[in-house]
Amino acid sequence: MSNIAGRVREVFRGDQRVDADALIARLDAVRRFLTAVDGLLPDGDLVPAHTLVERAGTRLALSRDHTVVALAGATGSGKSSLFNALARLELSPVGVRRPTTGVTHACVWGPLEGANHLLDWIGVLPRHRFVRESALDADDETALHGLILLDLPDFDSVQRSHRLEVDRLLGLVDQVVWVVDPQKYADRVIHDSYLREFHRHRDVTVVVLNQADRLSPAEVPRVLDDLRRLLDTDGLTGVPLLATTAVDPAGMVGLRDTMERTVAERQAALRRLAGDVDTVVAGLDQLVGSARPAGGPDDTAVNGLNRALAGAAGVPAVTEAVERAYRHRAGAATGWPVVRGWRRLRPDPLRRLHLPGPPGDQSDPAESLVAATSVPDPTAAQRSALGLAIRAVADRAAADLPAAWPGAVTSAARSRLGDLPDALDRTIAGTDLGLDRRPVWWRAVGGVQWLVTLAAVVGLGWLVLGYALRVLGLPALDNPVVGAVPLPTALLLGGLLAGLLVAALTRPVVRWAARRARARAEQRLTARVAQVGDEYVLTPVRIVLGSYAQARDALRDAARG
């Protein structure tokens with residue numbers, strides 16, 4: 001049992017007052033608990049708490065000036081005789097036919113008008129309501145003004161509807177007087193099915209051994225002692241136990257004094273509801289326990305989720321395309337101008353994935369924003385890895401939670417699984433891959449290539465012009481000489497050799513820069529994918545963990561009484 005259950009009040013409240021404001025605060029805590037776990041725990045486990053909140057609110061709103069006391073017992077225990085004896089009127093039928101009491105009768109001490117709404121809620125028909133108010137009584141009944149006494153059907157009746165009615169009313173009344181007789185006071189039905197279930201309501205429970213006149217004066221103490229032993233076994237230690245007889249007014253004094261004290265205190269309704277809160281809290285405790293969960297899954301599980309998301313999003317394929325695109329674009333910018341056009345005829349690797357192309361590429365400008373990317377769909381292995389990673393996140397987050405919660409955490413972790421593919425695709429399409437700007441050194445190398453190419457073209461044009469003049473028989477121009485090599489030839493060969501040399505020196509630099517671009521893109525993509533994982537997987541898990549913490553705190557507040 002958790003420390004919450006340990007704080008549920010198990011002491012007898014018979015001589016203690018229940019503060020109405022404190023009780024309302026406890027009920028509000030139960031309401032907060034229900035709000036926190038709404039949609040997370042099975043509805044069947046929460047029915048008693050919902051019933052308590054609704055019933056308590058209605059009971060407190062209807063009347064705090066009336067005390068509803070029910071006489072409950074088995075067939076032949078003499079409930080109706082006690083009912084009539086307390087009312088000092090013949091209100092409930094008494095006879096030998098069993099079951100004698102088939103419907104609930106109510107006797108109201110004081111004006112009936114003030115009690116009608118409460119009796120409507122309890123479900124006593126108007127024709128079975130009686131008023132104990134007579135001018136002939138003078139002030140004899142004043143001490144019981146505000147009492148509503150119910151004579152319930154027999155709980156062991158052969159009529160199932162009678163038993164159901166008893167069970168319903170026992171959940172609504174403020175105090176229960178259990179009536180037993182010398183013959184059946186030890187019957188297992190009343191002890192196992194009823195009295196034992198009222199151990200948290202012992203402060204609003206009274207047990208009477210009726211028809212005590214059938215016992216000899218020596219037998220009455222022995223029977224009462226045996227009945228007390230049984231009540232202690234049922235968890236009803238401290239409840240009032242009285243011997244009564246309806247045929248002798250002296251045999252009703254103890255029960256009537258108990259009724260008068262109950263009415264005067266105006267505490268029965270509050271004590272009953274406090275006991276109801278104790279019962280509900282004890283039942284909910286196993287759903288919450290006392291564990292304090294972490295704020296979320298550990299770093300190992302989160303890192304595993306991010307890796308699985310990156311694989312499912314196609315980050316490896318995109319980063320490989322980034323490396324190839326960098327080399328492609330660098331080659332087009334730094335290569336020989338003669339072959340640059342041929343490079344531009346080859347599609348950019350990122351354009352193949354419907355990702356942003358080279359700077360200045362205006363083809364389908366809205367495509368990357370509207371259409372999906374062409375990143376390869378995740379393989380079966382990648383989907384399986386993602387599912388396992390999400391399950392690992394849920395398992396780690398719910399490791400310390402009670403049995404009712406891991407399922408809720410797992411459901412939360414998978415709640416947006418269907419939206420993940422589109423979210424990942426949008427993230428990949430919207431991530432800046434770092435290729436939007438051309439590096440300055442590309443322009444510098446490109447300028448050098450243009451210069452050496454221009455030198456080669458000038459040298460070639462000079463040689464062609466000289467050859468044409470000789471063919472036409474015109475006087476040829478004198479070519480300057482660089483060392484032993486004519487200048488046109490030096491320009492042509494020098495330009496070609498310089499272009500090859502610049503390309504050779506640039507190639508390893510491009511490869512190194514392409515790898516850096518790939519690493520940079522991988523870092524950015526992984527960070528963006530992690531944000532998607534946080535929004536679509538981790539945030540729902542944290543919400544459930546937060547709801548658990550709220551529910552645990554609310555139940556702890558409800559247990560304080």
Side-chain angles (χ1 to χ4, degrees), residues 1-8 29-50 280-313 378 381-421 423-424 526 529-559:
M1 293 294 291
S2 74
N3 56 356
I4 290 180
R7 289 194 295 269
V8 175
V30 175
R31 189 178 294 108
R32 295 199 328 263
F33 173 90
L34 293 173
T35 300
V37 303
D38 184 33
L40 300 177
L41 298 183
D43 292 338
D45 295 335
L46 305 177
V47 169
H50 282 289
V280 167
V281 168
L284 296 176
D285 178 61
Q286 61 181 343
L287 300 178
V288 175
S290 59
R292 179 177 292 275
D298 56 29
D299 292 341
T300 301
V302 173
N303 291 336
L305 173 65
N306 292 339
R307 287 193 297 270
L309 286 171
Q382 289 171 331
R383 288 194 296 268
S384 177
L386 178 58
L388 292 175
I390 293 176
R391 183 58 183 264
V393 165
D395 290 345
R396 297 289 183 87
D400 297 327
L401 299 184
W405 287 87
V409 175
T410 300
S411 297
R414 299 178 59 85
S415 61
R416 305 189 68 181
L417 187 58
D419 299 329
L420 267 179
L424 292 173
T526 302
V529 166
Q531 292 176 1
V532 173
D534 186 87
E535 178 181 356
Y536 285 76
V537 179
L538 300 182
T539 295
V541 168
R542 294 191 190 101
I543 290 174
V544 174
L545 295 179
S547 297
Y548 169 80
Q550 294 173 9
R552 187 197 64 231
D553 294 342
L555 198 61
R556 184 178 61 247
D557 293 341

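Partners of Asp395 according to the side-chain hydrogen bond (donor to acceptor under 3.5 Å, both in side chains) rule, which considers only residues two or more places apart in sequence or in another chain, are Arg391. For Asp553, the side-chain hydrogen bond (donor to acceptor under 3.5 Å, both in side chains) partners at least two apart in sequence or on another chain are Arg556. Residues satisfying the side chain to side chain contact (heavy atoms under 4.5 Å, CB included) criterion with Ala385, sequence neighbours excluded, are absent altogether. Residues passing the side chain to side chain contact (heavy atoms under 4.5 Å, CB included) test with Ala29 are Arg32, Asp557, Ala558, sequence neighbours excluded. With sequence neighbours left out, Arg416 forms a side-chain hydrogen bond (donor to acceptor under 3.5 Å, both in side chains) with no residue at all. The side-chain hydrogen bond (donor to acceptor under 3.5 Å, both in side chains) search around Arg414 returns none, not counting sequence neighbours.
Rounded to the nearest 0.5 Å, atoms CG (Asp45) and CD (Gln286) are 7.0 Å apart.
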Stepwise side-chain contact (heavy atoms from CB on, under 4.5 Å) check, Leu46 with Leu284: CA-CA 8 Å; Leu46 305 177; Leu284 296 176; 4.2 Å; yes
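Side-chain contact between Val288 and Val37: absent, with no pair of heavy atoms (C-beta onward) separated by less than 4.5 Å. You'll find the side chain of Leu305 reaches within 4.5 Å of the side chain of Leu386, heavy atoms only. Residues Val302 and Asn306 have side chains in contact (heavy-atom distance under 4.5 Å, counting atoms from C-beta outward). Side-chain contact check for Val409 versus Leu40: every heavy-atom pair is 4.5 Å or farther apart. When side chains are defined from C-beta on, Pro297 counts as touching Leu538, because their heavy atoms get closer than 4.5 Å. Within the 4.5 Å cutoff, the side chain of Val544 has no heavy atoms near those of the Pro540 side chain.
In this structure, the side chain of Trp405 engages the main chain of Leu287 through a donor-acceptor pair within 3.5 Å. The main-chain N or O of Ala381 is never found under 3.5 Å from a side-chain atom of Ser384 such that the two would form a donor-acceptor pair.
Minimum heavy-atom separation, Ala310 to Val529: N-CG1, 3.8 Å. When all heavy atoms are compared, the tightest approach of Phe33 to Ala551 is CD1-O, 3.4 Å. Taking all atoms of both residues into account, the shortest heavy-atom contact from Ala397 to Leu545 is O-CD2, 3.7 Å. Counting all heavy atoms, side chain and backbone alike, Ala389 lies closest to Gly304 at CB-O, 3.9 Å. In terms of heavy-atom proximity, Val393 sits nearest to Ala301 at CG2-O, 3.7 Å. Across all their heavy atoms, Gly311 and Gln382 have their closest contact at O-NE2, 3.2 Å.
The side chain to side chain contact (heavy atoms under 4.5 Å, CB included) test with Tyr536 singles out one residue from Leu309, Leu424, Leu420, and that residue is Leu420.
Between Asp534 and Arg542 there is a salt bridge, with a side-chain nitrogen of the basic residue lying less than 4.0 Å from a carboxylate oxygen of the acidic one.
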